[in-house]
Amino acid sequence: MAGFLLTGAHPYGEGATDIRLVDGVIAEVGSGLTPGSAEVIDAAGLVALPGLVDLHTHLREPGREDAETVQTGSRAAALGGYTAVHAMANTEPVADTAGVVEQVWRLGREAGLVDVQPIGAVTVGLRGERLAELGAMADSVAGVRVFSDDGLCVSDAVLMRRALEYVRAFDGVIAQHAQEPRLTEGAQMNEGIRSGVLGMRGWPGVAEEAVIARDVLLAAHVGSRLHVCHVSTAGSVEIIRIAKERGMPVTAEVTPHHLMLTEELIDGYDPVYKVNPPLRTADDVAALRAGLADGTIDVVATDHAPHTPEAKDCEWDAAAFGMLGLQTALSVVIATMVHPGLLDWRDVADRMSVRPAQIGQLDAHGAKLAVGAPANLVLVDAGAEVVVEVAELASRSRNTPYAGMTLPGKVVATFLRGAPTVLDGKACR
Amino acid sequence: MKHLLSAGDLDHDTAVHVLDTAERLARIADRPVKKLPTLRGRTVVNLFFEDSTRTRISFEAAAKRLSADVINFSAKGSSVSKGESLKDTAMTLEAMGTDAVIVRHSCSGAPHRLANSGWIGGHVVNAGDGTHEHPTQALLDAFTMRRRLRGGVGDLAGLRVTLVGDVLHSRVARSNVLLLSTLGAAVTLVAPPTLLPVGVETWPCATSYDLDETLPGSDVVMMLRVQSERMNASFFPTTREYSRRYGLDRARLGLLPEHTIVMHPGPMNRGMEIAPDVADSARSTIVEQVTNGVSVRMAVLYLLLGGADIGAPAPAEAIGEPVPAGVA
Amino acid sequence: MAVPLRRCLVQPADVARVIDRIAHEILEKSAGARDVALLGIPTRGAPLARRLAARMAAFEGVEVPTGSLDITLYRDDLRMRGVRALEPTTEPPGGIDGKLVVLVDDVLFSGRTVRAALDALGELGRPRAVQLAVLVDRGHRELPIRADYVGKNIPTSRTENVAVRLSEVDGVDEVWLDTVTEGAPA
């Protein structure tokens with residue numbers, strides 16, 4: 001009986017206990033467990049949570065290995081406390097066939113730091129014209145259940161309806177990037193006071209809200225599940241709240257950056273703050289926090305979007321959308337939700353592990369920390385303060401908006417199926 | 001002053017100082033010998049990512065009258081269209097020993113990127129960026145108003161200025177609102193609602209949809225150019241309707257007080273936002289604005305480049321006149 | 001920072017006497033100043049030129065045209081400190097072509113200001129001759145330039161400053177000598 005014995009850990013930030021991990025499962029939970037042949041990890045004072053699950057990650061492989069690979073992205077994820085990530089479909093080639101999703105799945109297994117669960121494209125080539133072979137992807141080794149044209153909106157109402165209906169056959173879910181394309185042609189930042197002053201093409205909140213409103217109605221009409229990606233406006237939160245009150249089958253995510261950052265950061269035109277959907281106002285941030293707190297928004301998803309330096313070291317309009325997120329997500333949630341008292345640790349586990357695993361149908365993840373559960377968990381030093389050093393990020397890219405910021409919380413160890421992927425804050429491979 | 005990126009960078013006293021300096025320099029344009037040795041040995045680059053012959057030659061004339069070396073760098077095909085990146089272009093200029101870069105770019109904020117990204121060490125002057133700002137245009141407009149209506153001295157306190165047209169896409173309007181309000185003028189923007197930016201109610205100006213109502217209370221009317229690409233994008237139904245509602249024709253000229261001047265940053269769409277006989281009338285300052293542009297740009301270049309390099313240690317004793325005026 | 005030692009060299013009444021003497025000298029040397037134009041170099045050269053003109057008018061009833069000549073844009077030391085504000089340049093009525101132009105400044109020191117003034121003058125027109133009048137010559141010339149009319153020769157050390165004050169600018173007529181001690185700002 002080898003394995004690991006975590007001593008003095010605080011599951012969900014509650015009473016201290018020892019946790020024994022053997023053969024990929026939690027074998028024992030209790031005080032004063034004897035080490036035996038197990039490797040002892042001193043977890044005194046550390047918060048234990050089920051391993052985090054990201055519903056929205058861009059790993060860039062295949063196609064843009066200069067920005068990120070499955071290997072480097074997995075390492076960033078493990079260091080961020082994740083044990084599973086959903087890899088978005090907008091790779092080159094697009095993950096719109098069983099072949100591509102199986103390749104991504106296999107690369108994830110080979111990296112072995114997190115479970116990489118591919119997301120399949122809804123339409124061929126993300127072009128929004130005809131459905132990709134959703135069933136083939138679902139039946140593949142990768143067992144795809146989440147489908148998204150992320151980065152592009154399935155704006156055609158008929159196509160969206162068909163996709164919602166079709167994936168019911170294998171209990172799939174469509175994750176919609178809600179962005180009305182005509183209202184956002186050439187859009188660069190949130191439409192509002194700042195866009196007017198900065199002379200940039202605005203991105204009205206209604207372009208997001210109108211699509212969400214349409215989609216929840218469509219989903220209810222056909223009786224399918226809808227997941228809304230990266231909700232960014234107060235209006236969107238309100239629509240989803242109403243939809244949920246009416247029992248409509250919708251779930252939603254918010255990114256860490258939309259919980260913390262606002263459009264004023266754009267005043268210097270630094271494209272590190274260029275992201276889709278754009279950074280919004282302080283009122284939107286407050287509504288998103290409230291929505292995440294009351295469960296209107298189900299999960300925090302990173303939208304980790306690595307980009308090469310040249311994609312950001314340029315004029316704003318020419319820069320790529322997106323920012324890194326995996327390695328800082330938990331800290332941002334602690335700063336924006338836990339410290340203000342909007343979420344406790346059980347809520348954090350729910351929004352960052354349990355619910356995303358449910359939506360993505362990852363049975364091995366998001367389980368309650370209890371005997372018999374898969375040993376996917378993370379140990380967090382909640383009291384630590386960490387300065388974000390860009391050079392030390394595991395991602396191959398450097399486009400973090402948090403550079404130089406001091407953020408609370410530090411991932412000390414991450415375990416995937418009972419084996420450490422991170423120990424003492426360092427990746428094991 | 002290290003850069004001139006936005007008209008908002010200028011506080012009241014600095015703005016008046018720029019205008020005063022331009023006024024002094026304008027006198028030199030009347031002399032037989034228009035050249036000054038002031039910026040000898042300095043290199044000024046006109047970095048134009050967008051065609052604008054009038055702005056480029058205005059800066060070129062200003063720099064040459066001050067004896068700066070001028071390099072014209074027409075970089076059509078910026079990184080937006082996958083040419084050489086702004087960063088690489090900037091680093092090339094830096095390696096050539098450039099003291100100031102005058103930049104015109106189709107992307108809002110490109111001059112900020114040049115100034116603040118550490119790619120170059122020299123001064124940056126915004127010669128028009130996207131739909132953001134065009135601060136030297138605002139300075140020359142303010143200079144023209146001050147000469148015509150304030151005797152060429154002081155600020156523009158109480159002056160009623162009406163800007164008419166495509167405010168949404170106008171860098172001239174943004175810079176003018178900021179500068180003119182700083183100088184104490186009361187600015188009113190007149191446009192169809194589709195051509196006013198979101199949040200304009202927070203700008204330091206008033207707005208109106210009705211030109212006829214605004215004209216009698218205007219000391220200055222500035223007509224903004226309506227770009228041809230807006231004409232088919234549903235901002236207004238037809239050019240005819242736009243012209244009827246927002247164009248300055250001879251009949252509307254009659255609504256203006258006697259002293260009111262008519263301005264246009266050029267190039268004009270004659271017959272669209274401004275009638276030909278209005279553009280050529282005695283009230284029109286359009287030609288004067290071009291002349292004043294050179295003086296104002298000379299002032300900006302002098303104030304940026306005419307002293308010690310910013311960041312360089314000030315010498316303990318300057319030769320000839322080591323101490324403030326009156327002490328030698 | 002050490003406090004500089006200050007010494008008053010010329011009292012208000014003496015400043016007036018010195019200006020009177022220069023006015024007499026100009027009249028004498030120019031045969032009644034019939035083709036003279038006075039060009040003051042701002043800041044203090046300009047009021048000084050106007051005073052000289054007034055005194056010459058009082059002595060001989062001549063109306064001597066007076067102007068001011070800002071030499072900032074012609075300086076050779078612009079890069080040595082922050083940007084200087086420009087002062088007005090006004091041509092004397094009747095211009096300067098063919099005239100005997102007398103440049104007027106408060107203090108003659110290195111001669112570089114006068115050099116710049118000669119450059120500036122060349123682009124304003126073509127005088128018959130150019131002369132120089134100064135209230136104080138403190139020595140330490142760095143260029144082959146001398147004054148034709150000197151109010152007061154004040155031998156100085158390089159560590160000293162000569163400060164001319166005129167009532168038009170400073171509210172009082174005085175000349176001070178400041179001794180700047182080591183390490184104090186110039």
Side-chain angles (χ1 to χ4, degrees), chain B residues 1-2 13-14 16-28 30-42 65-68 99 123 152-153 295 298-328, chain C residues 41-45 70-91 105-116 119-120 122-125 134 136 138 140 142-143 156 158-166 169-170 176 178 180 183-186:
Chain B
M1 192 161 69
K2 164 87 183 176
D13 292 355
T14 308
V16 172
H17 183 53
V18 175
L19 299 182
D20 288 346
T21 303
E23 194 63 57
R24 302 248 190 270
L25 289 164
R27 303 289 162 85
I28 288 154
D30 304 333
R31 293 195 206 161
V33 181
K34 296 180 172 60
K35 202 156 174 108
L36 294 159
T38 316
L39 298 184
R40 218 161 37 193
R42 300 279 191 169
R65 282 195 188 162
L66 291 168
S67 297
D99 294 297
H123 304 272
V153 293
S295 304
M298 285 174 78
V300 168
L301 289 174
Y302 171 66
L303 293 172
L304 288 179
L305 292 171
D309 289 319
I310 290 167
E317 187 191 5
I319 300 160
E321 195 195 52
V323 277
V327 185
Chain C
I41 299 173
T43 308
R44 288 169 186 75
D70 181 43
I71 55 99
T72 307
L73 297 164
Y74 297 85
R75 301 190 74 101
D76 64 1
D77 60 349
L78 285 172
R79 291 200 197 187
M80 308 203 67
R81 59 175 164 97
V83 181
R84 297 155 199 258
L86 303 185
E87 304 277 351
T89 290
T90 49
E91 267 195 72
D105 203 358
D106 53 354
V107 179
L108 179 58
F109 182 24
S110 68
R112 286 172 189 269
T113 301
V114 177
R115 201 265 326 145
D119 285 353
E123 292 179 10
L124 215 55
V134 296
V136 175
R138 61 165 292 195
H140 302 290
E142 292 164 4
L143 294 170
T156 57
R158 274 194 169 274
T159 61
E160 293 168 325
N161 285 327
V162 176
V164 170
R165 304 221 175 97
L166 292 177
V169 180
D170 310 291
W176 286 79
D178 298 344
V180 180

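Numbers restart at 1 for each chain; the letters A, B, ... are given by sequence-line order, proteins then strands. As a basis for the values below, the full set of heavy atoms in this structure was taken, side chains included, without hydrogen atoms, waters or symmetry mates.
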Using non-hydrogen atoms and a 4.5 Å limit, figure out which bit of C:Thr156 sits close to chain B: side chain, backbone, both or neither.
neither
Specify which of C:Pro88, C:Gly122, C:Gly82, C:Gly45 makes the most heavy-atom pairs with chain B at under 4.5 Å.
C:Pro88
Return yes if some donor-acceptor pair links the side-chain N/O of B:Thr38 with the main-chain N/O of B:Leu66 below 3.5 Å, else return no.
no
Heavy-atom neighbours of B:Arg40 CZ exceed 12 at 6.0 Å
no
Report which part of C:Ala116 has an atom under 4.5 Å of a heavy atom belonging to chain B: side chain, backbone, both, or neither.
neither
Honestly, the part of B:Ile28 sitting under 4.5 Å from a heavy atom of chain C is side chain
Under the 3.5 angstrom rule, does the side chain of C:Arg44 hit a backbone N or O of C:Val164 as a donor-acceptor pair?
yes
Any idea which heavy atoms bring B:Leu36 and B:Met298 closest together, and the distance?
CD1-CE, 4.2 Å
So which part of B:Lys35 gets closer than 4.5 Å to some heavy atom of chain C, the side chain, the backbone, both or neither?
backbone
Show your reasoning for whether side chain to side chain contact (heavy atoms under 4.5 Å, CB included) applies to B:Arg24 and C:Leu73.
CA-CA 11 Å; B:Arg24 302 248 190 270; C:Leu73 297 164; over 6 Å; no
